[in-house]
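First comes the structure, then the notes that go with it.
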Amino acid sequence: IGISNRVTNENSKCEMRKEDRLCFIQPCQTNILKTVKIPRGETCQPTFQLSKAEKLAFSGCSSTQSYRFTFCGVCLDKRCCTPNKSKMITVQFDCPNEGSFMWKMMWITSCVCQRMCSDPGDIFSELKLLQ
């Protein structure tokens, strides 16, 4: 799980505000191709889901519900798959001996595979480091 943040004025008062949300683009696995089934005759599978719902772990806490996320898939032809459409959900986490908290989280609804990848297969290849 990662944290995405932005500064935006998309609100009723048009005021600059910082927004944070959790994001989960792909599960951390060494070989994602074993998880993603690419249909016969195709070179890409833009989205996939894990076989079962799982609880999320964040800062030693776990989500109260199990989720079956949609993730961005992979391509065999040097394209990369990135989120195309998403929505926001609220996830509640319970912490041992410390109560609970809620976080907004990006829920991917669809991904798109494209050729604009400076490093094929790296979904973060377009990000630039600020110095």
Side-chain angles (χ1 to χ4, degrees):
I1 296 181
I3 297 176
S4 135
N5 52 41
R6 71 177 184 166
V7 175
T8 181
N9 65 346
E10 291 178 22
N11 57 66
S12 61
K13 294 184 180 180
C14 199
E15 296 175 343
M16 297 301 281
R17 293 187 182 153
K18 182 181 174 191
E19 295 178 348
D20 296 319
R21 67 181 179 181
L22 298 175
C23 48
F24 194 15
I25 309 273
Q26 276 188 340
C28 297
Q29 295 177 342
T30 54
N31 191 351
I32 198 97
L33 285 173
K34 288 184 178 179
T35 303
V36 178
K37 304 254 188 292
I38 297 176
R40 179 176 272 230
E42 299 287 327
T43 56
C44 289
Q45 179 63 37
T47 59
F48 72 97
Q49 287 186 314
L50 297 180
S51 57
K52 62 179 184 160
E54 296 180 1
K55 289 192 175 197
L56 296 170
F58 183 66
S59 294
C61 306
S62 67
S63 61
T64 56
Q65 287 184 293
S66 294
Y67 296 91
R68 191 164 176 231
F69 286 96
T70 300
F71 295 107
C72 291
V74 294
C75 292
L76 302 175
D77 63 359
K78 298 187 179 180
R79 288 187 283 170
C80 61
C81 298
T82 56
N84 182 42
K85 293 182 182 175
S86 65
K87 63 182 181 179
M88 296 291 278
I89 64 168
T90 301
V91 178
Q92 182 168 340
F93 291 88
D94 279 338
C95 306
N97 305 320
E98 295 182 30
S100 63
F101 63 92
M102 296 169 116
W103 263 76
K104 289 182 182 176
M105 183 164 195
M106 178 177 84
W107 182 275
I108 296 171
T109 55
S110 72
C111 297
V112 64
C113 296
Q114 55 192 353
R115 295 205 180 274
M116 295 178 8
C117 304
S118 58
D119 183 9
D122 180 1
I123 60 174
F124 301 109
S125 62
E126 297 299 316
L127 294 179
K128 306 283 187 250
L129 283 176
L130 299 176
Q131 305 258 347

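What you see is a predicted model; the values in this text were computed from it and never measured.
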With a 4.5 Å cut-off on side-chain heavy atoms, are [Y] and [X] touching?
| X | Y | result |
| --- | --- | --- |
| Ile38 | Thr43 | no |
| Tyr67 | Phe24 | no |
| Ile3 | Trp103 | yes |
| Trp107 | Ser86 | no |
| Ser100 | Asp94 | yes |
| Leu76 | Glu42 | no |
| Met105 | Arg21 | no |

For residues 46-58, dump all side-chain donor-acceptor pairs below 3.5 Å to protein atoms at least two apart in sequence or in another chain.
residue	atom	partner	partner atom	Å
Gln49	NE2	Arg68	O	3.3
Gln49	NE2	Thr70	OG1	3.4

Roughly how far apart are [X] [atom1] and [Y] [atom2], rounded to 0.5 Å?
| X | Y | atom1 | atom2 | result |
| --- | --- | --- | --- | --- |
| Thr90 | Met102 | OG1 | CE | 6.0 Å |
| Lys104 | Ile89 | NZ | CD1 | 12.5 Å |
| Leu22 | Ser63 | CG | OG | 10.5 Å |
| Met106 | Phe69 | CE | CZ | 10.0 Å |
| Asn84 | Ile108 | CG | CD1 | 10.5 Å |

Exercise. Could you walk me through whether Arg115 and Arg79 pass the side-chain contact (heavy atoms from CB on, under 4.5 Å) check?
Worked result: CA-CA 5 Å; Arg115 295 205 180 274; Arg79 288 187 283 170; 3.6 Å; yes

What donor-acceptor contacts under 3.5 angstrom involve side-chain atoms of residues 7-17, with partners at least two apart or in another chain?
residue	atom	partner	partner atom	Å
Thr8	OG1	Glu10	N	3.0
Asn11	OD1	Lys13	N	3.1
Asn11	OD1	Cys14	N	2.8
Asn11	OD1	Glu15	N	3.0
Asn11	ND2	Glu15	O	2.7

Exercise. For Cys44 and Cys113, what are the C-alpha separation, side-chain angles and deciding distance, and is it a disulfide (SG to SG under 2.5 Å)?
Worked result: CA-CA 7 Å; Cys44 289; Cys113 296; 4.2 Å; no

For this session: Using the disulfide (SG to SG under 2.5 Å) rule, take Cys81 and Cys75 through it: C-alpha gap first, then chi angles, then the decisive distance, then the call.
Result: CA-CA 7 Å; Cys81 298; Cys75 292; 3.7 Å; no

